Amino acid sequence: MADDGDGEACANPLFLKWVGEWLAEARRRNAQGQHALKRAYESLQRHPDRIERAQDAMKLPGIGQGTADRLAKRLASWQRENGIAVAEPAPAAAAAAVEAGATGRGAQSNRLYVPRYRSGAFALLLGLLKTRCLYGPDYYIPKGELVPLSEQYTDTPFHVGGSSSRGGGHAGGPMVHTAWSGMKTLETKSLAERQSGVKFSLTDEGLDIALKVVGVLRARGELSDDDSRLFADVERGRAADAAAGPPPGSDEGPGRPVALSRSPSLAGSFSRQSS
């Protein structure tokens with residue numbers, strides 16, 4: 001990756017500059033994604049080694065597939081502007097990464113993370129999507145409210161001895177979390193973020209993955225009518241946002257449409273990814 005002149009103390013000044021610009025804009029709009037962008041910015045500041053490909057930035061804490069895709073598009077645009085051959089794969093490669101993960105092809109570092117089918121992370125991702133549908137993108141839900149929205153989508157109890165809604169608060173020993181450990185996975189993968197340590201929300205990257213999961217569940221007939229209608233509203237909104245493209249003056253090009261995959265390979269990837 002070429003240097004820019006800004007961020008001389010950073011090994012990746014262009015990536016740092018672009019993430020900094022997105023962070024400033026997210027803060028100006030008080031957008032939900034500002035917390036994830038702040039983590040990405042701080043990770044780039046601290047990282048001592050040069051990153052040649054945007055997708056390789058996913059090894060850093062706080063940088064998930066969505067941020068890597070934005071960096072890839074911005075890098076390709078910068079390369080074209082400066083007469084440099086564009087070597088970065090198109091962001092659409094994220095969909096191919098799902099296929100590679102399902103079939104066992106491709107490197108683990110390039111796979112798009114999808115929670116294992118009916119794991120704790122899988123259920124919590126859908127619970128956070130429900131939260132977004134019910135209360136909007138800026139609502140951070142407490143754990144006690146999130147678990148009842150999530151537990152129908154996992155075969156693992158959230159507490160030892162049964163589901164949390166029936167036995168989480170009874171006397172007789174401390175609660176031992178099981179399915180709830182999936183929240184740490186979602187945070188590590190930048191699919192969820194927390195506020196004040198006890199409230200949680202879906203990130204924009206998490207929304208993309210959650211919608212892919214919903215598409216598979218709908219194809220398998222595993223969505224209730226109520227949930228199907230609830231999720232349909234945010235699906236339509238996300239598709240409209242993608243069709244509208246970037247804000248005026250942006251050089252990132254059209255946004256990547258959310259692919260509501262119906263393919264068996266994506267469903268199969270649930271059993272091959274970690275929880």
Side-chain angles (χ1 to χ4, degrees), residues 1-29 31 33-101 105-113 189-190 203-205 207-209 212 238-259 261:
M1 174 182 168
D3 290 337
D4 176 72
D6 292 335
E8 293 180 357
C10 175
N12 301 279
L14 279 178
F15 285 168
L16 185 69
K17 175 186 176 183
W18 297 332
V19 172
E21 290 171 353
W22 301 334
L23 174 58
E25 175 63 16
R27 283 173 170 167
R28 186 186 69 80
R29 296 185 291 108
Q34 64 181 285
H35 305 292
L37 287 169
K38 183 175 184 293
R39 289 198 298 272
Y41 186 86
E42 292 171 348
S43 290
L44 284 168
Q45 276 186 315
R46 292 191 297 265
H47 190 61
D49 300 323
R50 194 180 185 86
I51 299 173
E52 297 294 339
R53 299 173 59 255
Q55 295 299 321
D56 293 339
M58 290 176 61
K59 65 187 178 183
L60 302 185
I63 299 183
Q65 187 69 54
T67 301
D69 281 352
R70 292 185 72 183
L71 287 171
K73 287 190 287 187
R74 186 65 184 86
L75 178 60
S77 176
W78 180 87
Q79 288 172 326
R80 286 191 295 268
E81 291 168 2
N82 289 274
I84 301 171
V86 178
E88 183 69 39
V98 177
E99 302 295 331
R105 298 189 302 269
Q108 174 70 29
S109 61
N110 289 330
R111 291 184 189 174
L112 179 66
Y113 172 77
K189 300 294 183 180
S190 298
T203 65
D204 287 342
E205 295 168 19
L207 176 60
D208 285 341
I209 302 302
K212 291 178 185 296
R238 194 67 165 174
D241 288 344
S250 170
D251 56 3
E252 293 183 35
R256 180 180 54 145
V258 174
S261 173

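As the structure is a computational prediction, the values presented were derived from the model and not from experiment.
Side-chain atoms of Lys38 and Arg27, non-hydrogen and from C-beta on, do get closer than 4.5 Å to each other. Two residues are said to be in side-chain contact when any heavy atoms from C-beta on lie closer than 4.5 Å; Tyr113 and Ile209 fail this criterion. Trp78 has its side chain within reach of Leu75: a pair of non-hydrogen atoms, C-beta onward, lies under 4.5 Å apart. You'll find the side chain of Leu71 reaches within 4.5 Å of the side chain of Trp22, heavy atoms only.
Checked by atom type and distance alone, the side chain of Ser77 never pairs as donor or acceptor with a backbone atom of Lys73 at under 3.5 Å.
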Exercise. List the steps, then state whether side-chain contact (heavy atoms from CB on, under 4.5 Å) holds for Phe15 with His47.
Key: CA-CA 11 Å; Phe15 285 168; His47 190 61; over 6 Å; no
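Here the closest heavy-atom approach between residue Ile51 and residue Ala57 is recorded as CG2-N, 4.0 Å. When all heavy atoms are compared, the tightest approach of Ala54 to Ala68 is CB-O, 3.6 Å. Considering all non-hydrogen atoms of both residues, Gln45 and Leu16 come closest at CG-CD1, 3.5 Å. In terms of heavy-atom proximity, Pro48 sits nearest to Ala11 at O-CB, 3.5 Å. Across all non-hydrogen atoms, the minimal contact from Ile63 to Ala40 is CG1-CB, 3.6 Å.
Rounding to the nearest 0.5 Å places CZ of Arg39 at 11.5 Å from CG of Leu23. Here Arg70 contributes atom CZ and Asp204 contributes atom CG; the two are 8.5 Å apart, rounded to the nearest 0.5 Å. Put simply, CD on Glu21 and CZ on Arg74 are 6.5 Å apart, with the number rounded to the nearest 0.5 Å. In this structure, CG on Asp56 lies 11.5 Å from CG on Asp49, to the nearest 0.5 angstrom.
Between Glu25 and Arg28, at least one side-chain nitrogen of the basic residue sits less than 4.0 Å from a carboxylate oxygen of the acidic one, meeting the salt-bridge criterion.
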